[in-house]
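A note on names: the letters A, B, ... follow the listed sequences, proteins ahead of strands, and every chain is numbered from 1.
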There are 2 protein chains.
Amino acid sequence: MNLRQDIHNSDIPVLCQACEARHRGLCGALEPKQLVALSRTSSRHRIHPGAELIGDSENIDSFSNILSGVVKLTKTLSDGRQQIVGLQFAPDFLGRPFRSESVINAQAATELSLCSFPKSVLERMIHESPGFERRLLRQALNELDEARDWMVTLGRKTAGEKVASFLVRIARNIDPEAAANGASATFDLPLTRADIADFLGLTIETVSRQLTKLRTEGVIGIENNRRVNVHNMERLEARSGR
Amino acid sequence: MNLRQDIHNSDIPVLCQACEARHRGLCGALEPKQLVALSRTSSRHRIHPGAELIGDSENIDSFSNILSGVVKLTKTLSDGRQQIVGLQFAPDFLGRPFRSESVINAQAATELSLCSFPKSVLERMIHESPGFERRLLRQALNELDEARDWMVTLGRKTAGEKVASFLVRIARNIDPEAAANGASATFDLPLTRADIADFLGLTIETVSRQLTKLRTEGVIGIENNRRVNVHNMERLEARSGR
DNA sequence: TCCCGGCTTTGATGTCGATCAAGCGCCCGC
DNA sequence: GCGGGCGCTTGATCGACATCAAAGCCGGGA
């Protein structure tokens with residue numbers, strides 16, 4: 001086991017030592033002392049797909065780091081039409097600071113592992129550590145960039161382009177190196193067809209048809225409905241309507 | 001210059017005294033001393049509709065507060081399809097911190113008045129004043145909420161609901177009190193039909209048809225193509241597909 | 001005053017994706 | 001092994017919005 005001695009692991013809570021959130025996420029902004037305080041009030045959870053994490057118009061009184069798995073953020077119109085407005089991956093921070101009630105719904109899209117802590121603790125961290133707030137700001141700005149990218153997809157792309165864009169986005173998140181150099185990439189879809197449809201503003205049937213089209217034309221392979229093999233990222237991207 | 005020493009505004013730069021950005025915007029986080037420093041390096045501009053403020057993939061080396069007018073943020077696909085991904089009103093902060101190149105395009109939608117300052121000054125403010133960063137974070141989170149709301153509109157609403165949603169959003173920004181209590185509201189559209197179409201992911205023709213439909217059914221009145229009178233906000237909202 | 005160009009409206013037709021409707025494959029419990 | 005449910009695919013039809021086309025309106029300049 002490679003305990004990294006270079007950053008005084010000795011002072012760091014055991015649970016935090018190998019934690020993604022400390023290496024690439026929010027907790028990287030914290031001093032050992034603060035990590036100890038945080039870990040005393042935080043707790044880890046394992047959550048099954050479909051479980052609701054935050055309900056629309058519920059009070060917001062806790063926050064989490066995503067340690068593994070995928071969370072989907074949804075909004076629903078009064079007549080039941082639904083739209084996925086965000087996907088979050090480890091080690092993203094989950095929650096909406098500075099707001100008493102949630103305006104969205106957060107659900108586990110896959111098997112999930114979270115590290116949660118109460119609102120009061122978040123507020124204390126924000127006050128005590130300027131780096132903490134900086135990271136929150138950076139994540140918010142990145143999510144905003146992503147949301148805006150997605151608005152273009154929703155507003156201006158065809159069904160085929162939408163599905164290709166979706167696959168590109170997932171590939172980039174799950175297998176960044178392969179995705180970067182236009183090579184091939186393989187991954188499990190973290191969403192069902194219904195979720196993908198809600199993400200893209202399409203119906204299940206259209207998503208299915210576009211996927212089989214990509215398959216029959218040799219751009220991707222699909223096994224067991226979930227496992228996708230992008231034979232050539234470059235070709236997929238060309239279909240995503242850049 | 002005659003700085004009046006007798007009032008409590010005395011330490012504040014003349015230009016800032018009546019400024020929206022200081023009352024409701026970013027500059028509210030600054031001490032008089034910092035305002036003086038900022039005002040020394042900032043400059044006011046008046047800008048005409050259509051002028052480009054930030055180009056896609058340009059270097060980001062300055063930021064602004066919007067003092068009056070409306071800015072549209074757009075993204076364009078390689079084949080020319082365009083989508084408006086954000087609208088900003090006074091006293092919003094304009095710019096993308098922590099990023100060397102812009103991924104969007106910012107254009108004046110109306111006559112515009114800006115207060116601009118260089119990147120180095122922004123960075124100094126962020127370091128010197130924690131409240132400054134807090135306000136940036138709050139604005140980013142609010143914009144994110146708005147973007148996600150808009151994703152639902154783009155992905156799941158019909159043309160009629162989109163146009164109604166657009167009018168509701170504009171009414172709320174320009175005439176908040178009237179909009180809040182379901183009464184009537186009157187305002188000038190800050191966007192052309194082409195812009196509205198790009199905002200809603202529709203064509204000009206569809207926008208036009210939906211507007212005339214709302215007019216002939218007595219929900220709104222239109223004069224000179226630009227001036228809109230919402231006779232009854234409640235009825236308009238009912239058509240926006242909540 | 002008249003004319004020109006840009007923005008907008010209105011109409012006719014076409015098409016992409018939604019809707020409606022089966023049917024398939026797989027997993028799970030009995 | 002068998003039946004049933006769920007997620008997915010495939011096919012036929014329909015409708016909302018795009019596209020193509022033309023004409024109206026309005027403001028600005030000669």
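Atom CD of B:Glu161 and atom P of D:dA16 are 12 Å apart (whole Å). Computed from coordinates, the A:Asp198 CG to C:dA18 P distance equals 12 Å when rounded to whole Å. Atom C1' of nucleotide C:dT8 and atom CZ of B:Arg227 are separated by 19 Å, given to the nearest angstrom. Regarding B:Leu189, its CG atom lies at a distance of 15 Å from the P atom of C:dC7, rounded to whole Å.
Around the NZ atom of B:Lys213, the shell of radius 6.0 Å holds no more than 12 heavy atoms that belong to other residues, nucleotides or ligands.
Taking 4.5 Å as the limit, some side-chain heavy atom of B:Asn59 sits within range of a side-chain heavy atom of B:Glu101. At least one side-chain heavy atom of B:Ser113 sits less than 4.5 Å from a side-chain heavy atom of B:Arg46. Under the 4.5 Å side-chain criterion, counting only non-hydrogen atoms from C-beta, B:Gln139 is not in contact with B:Leu136. The shortest side-chain heavy-atom distance between A:Arg172 and A:Val168 falls under the 4.5 Å cut-off. Between B:Ser102 and B:Ile60 the shortest side-chain heavy-atom distance falls below 4.5 Å. For the pair A:Ile220/A:Leu167, a side-chain contact is recorded, criterion being any heavy-atom separation below 4.5 Å from C-beta on.
To the nearest 0.5 angstrom, A:Gln82 atom CD is 4.5 Å from A:Thr74 atom OG1.
An angle of 30°, rounded to 10°, separates the two end axes of the helix from C:dT1-D:dA30 to C:dC30-D:dG1, each defined over five pairs.
Between A:Arg81 and B:Glu161, at least one side-chain N (NZ, or NE/NH1/NH2) sits under 4.0 Å from a carboxylate O, which counts as a salt bridge.
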Give me the distances for all protein-to-nucleotides 7-9 of chain D N/O pairs that come in under 3.5 Å?
residue, atom, partner, partner atom, Å
D:dC8, OP2, A:Arg193, N, 3.0
D:dT9, OP1, A:Arg193, NH2, 3.2
D:dT9, OP2, A:Arg193, NE, 2.8
D:dT9, OP2, A:Ser208, OG, 2.8
D:dT9, O5', A:Ser208, OG, 3.0

List every contact pair, protein side and nucleotides 13-17 of chain C side both N or O, where the distance is under 3.5 Å.
residue, atom, partner, partner atom, Å
C:dG17, OP1, A:Ala159, N, 2.7

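Evaluated for a side-chain contact (heavy atoms from CB on, under 4.5 Å) with B:Leu141, the options A:Arg99, A:Glu143, A:Arg96 yield exactly one hit, A:Arg96.
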